[in-house]
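Residue numbers begin at 1 in each chain, while the letters A, B, ... track the order of the sequences.
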Protein chains: 2
Amino acid sequence: MASREQAKDQRRKAIVAAAMRLMHNRGDSGFSMRALAEAAGVSIATPYNLFGSKQAIMLAVLDTGMALYEERLEQLDADPLEIFFEAVTLATELYAEAPKFHQAVLFSAYGDGGRDYRAVFGDPRFVFWRTLVERAREAGELDAGIDASALALALGQQFFICILEWAYGQIDLSELECRVHYGFALLLKGAATASAADRLAGKIPELQAHLTAMWAAEPTAVVASRVQSR
Amino acid sequence: MASREQAKDQRRKAIVAAAMRLMHNRGDSGFSMRALAEAAGVSIATPYNLFGSKQAIMLAVLDTGMALYEERLEQLDADPLEIFFEAVTLATELYAEAPKFHQAVLFSAYGDGGRDYRAVFGDPRFVFWRTLVERAREAGELDAGIDASALALALGQQFFICILEWAYGQIDLSELECRVHYGFALLLKGAATASAADRLAGKIPELQAHLTAMWAAEPTAVVASRVQSR
DNA sequence: GGTTGGATTATAACGCGTTTTACTTTTCGT
DNA sequence: ACGAAAAGTAAAACGCGTTATAATCCAACC
């Protein structure tokens, strides 16, 4: 029997579930490995046996969310270029549904001193963007000579860092969405075929105007210095 | 008299100097607030009185380095478009001169749980990129309608996250340089006037080839998954 | 069914960043 | 020159992630 492994998996699931429950209820503050162990009904040593670190647990939580996200994105059935922007918007919508939860997960997954195996930009997320790039390239929206991995990396990073800023409480979700859209428009335009480049160019002025309006209206920490030193 | 403030500043400088000395000698490991206090000849409470947090000290170290960096960049006297790429190359050269030191500073400045006032992308660095963008725009290399702040933010973030990956030990300096150049080429091309866009487009294939060759040859942690899942 | 061995447990400990407390030193207005 | 206020000091403590140490449990083999 694999009842040994079975029991392990069961405990693993219980721990991830308890982590999600705790995050939902209390957000980042109040979430600690000791609180998690208590909520999951296990000793504090067990999560370390089964996952290795707090960061690994957070990444497990993140990955389960990623599956749901990709599923909902497929249902949108957007065209190969628009889907980049839809993907960002969908993410902000999901974040808006449970902001404290997502902030806590992201903060714990990346904000801690986890210099371990998979730090800044993990595999599931990278593969996701590369798939989108490959589709767009095959659809003739992107230059055929573009390397999918290289572009996907640049796109994913642009997304990722804005997400981090949101998790750190420096920007809100609408600025997150707008900034990533802006970065995506520029990056994709740089890699696009002529017709697609035209469409992308059309997006830029509006996004830019939206951003500057935001910065003028609502000066948060980072934004304030940006506006004042204009 | 301001002899009170004077003494404060003196102590502040002593602490920053001791921090730099410690980082140079022992890198990140072995550097702690207790070790710093001892090396600076002050109590552990003093750095907190004068700076508030470890992160603030690291940002002070970072900012003094930034002044040197900008100075050396001005001396290069590159043209308004090339200077973006020179800036990246210069940074990698400076990092290469004392890699352990810079890794330690960056890691401590951003890797810790410093959710404080100025987290991901601080003011001196943002202003630097915006100035470069403004110059390039005035030189007619970038579209006149481009907002300097918005583009500077996108550029700086692309740079910043690659630096972080290097500080985390996930990529080496040559990959850092190449990836940022690639991201910059795409972003700038998306914002460039026609003639500048052509010049930028010429850079992209070479950078891309360089990147893919790197990934094929030297599969580090992140890279490995990238290559294998090709 | 008893024995064995790997997993889980409780518990203590470590080093970290940070805060608090209580004591001492230094500066400045009168 | 003296007393009040401000600031620096040592030392202990807090909660954190993580690790080490034994004791204990429980599925798996003879």
To the nearest Å, how far apart are A:F51 CZ and D:dT18 P? 13 Å

From the list C:dT18, C:dT8, D:dG17, which nucleotide is the closest neighbour of the side chain of B:M33? C:dT18

Short heteroatom pairs, N/O only, protein and nucleotides 10-15 of chain D, under 3.5 Å:
unit_1, atom_1, unit_2, atom_2, d
D:dA10, N7, B:S43, OG, 3.4
D:dA13, N6, B:R34, NH2, 3.4

Start at the 5' end of DNA chain C and walk down; is the nucleotide closest to A:L50 or to B:Y48 reached first? A:L50

For residues 91-101 of chain A, dump all side-chain donor-acceptor pairs below 3.5 Å to protein atoms at least two apart in sequence or in another chain.
unit_1, atom_1, unit_2, atom_2, d
A:T92, OG1, A:T89, O, 2.6

Rounded to whole angstrom units, what separation is found between the CE atom of A:M58 and the C1' atom of D:dG17? 12 Å

Is the side chain of A:Q103 donor-acceptor paired with the backbone N or O of A:W166 at a distance under 3.5 Å, no angle test? yes

Taking the side chain from A:Q208 and the backbone from B:D147, do they hold a donor-acceptor pair closer than 3.5 Å? yes

To the nearest angstrom, the CD-C1' distance between B:Q10 and C:dT26 comes to 15 Å

Expressed as a whole number of angstroms, how long is the span from A:I15:CD1 to D:dG17:P? 14 Å

Rounded to whole Å, CZ of B:R11 lies from P of C:dT26 at a distance of 10 Å

Where do A:L73 and A:F128 land on the side chain to side chain contact (heavy atoms under 4.5 Å, CB included) test, with the steps shown first? CA-CA 11 Å; A:L73 188 64; A:F128 168 74; 3.3 Å; yes

Taking CZ from B:F31 and C1' from C:dG17, how many angstroms apart are they, rounded to a whole number? 11 Å

Short N-O contact, A:R125 and A:D63, less than 4.0 angstrom: yes

Contacts of type side-chain hydrogen bond (donor to acceptor under 3.5 Å, both in side chains), residue B:E74, not counting sequence neighbours: B:R135

Give the rounded distance in Å between these two atoms: CG of A:L36 and C1' of D:dC16. 14 Å

Tell me the interatomic distance from A:N49, atom CG, to D:dC25, atom C1', rounded to whole angstroms. 14 Å

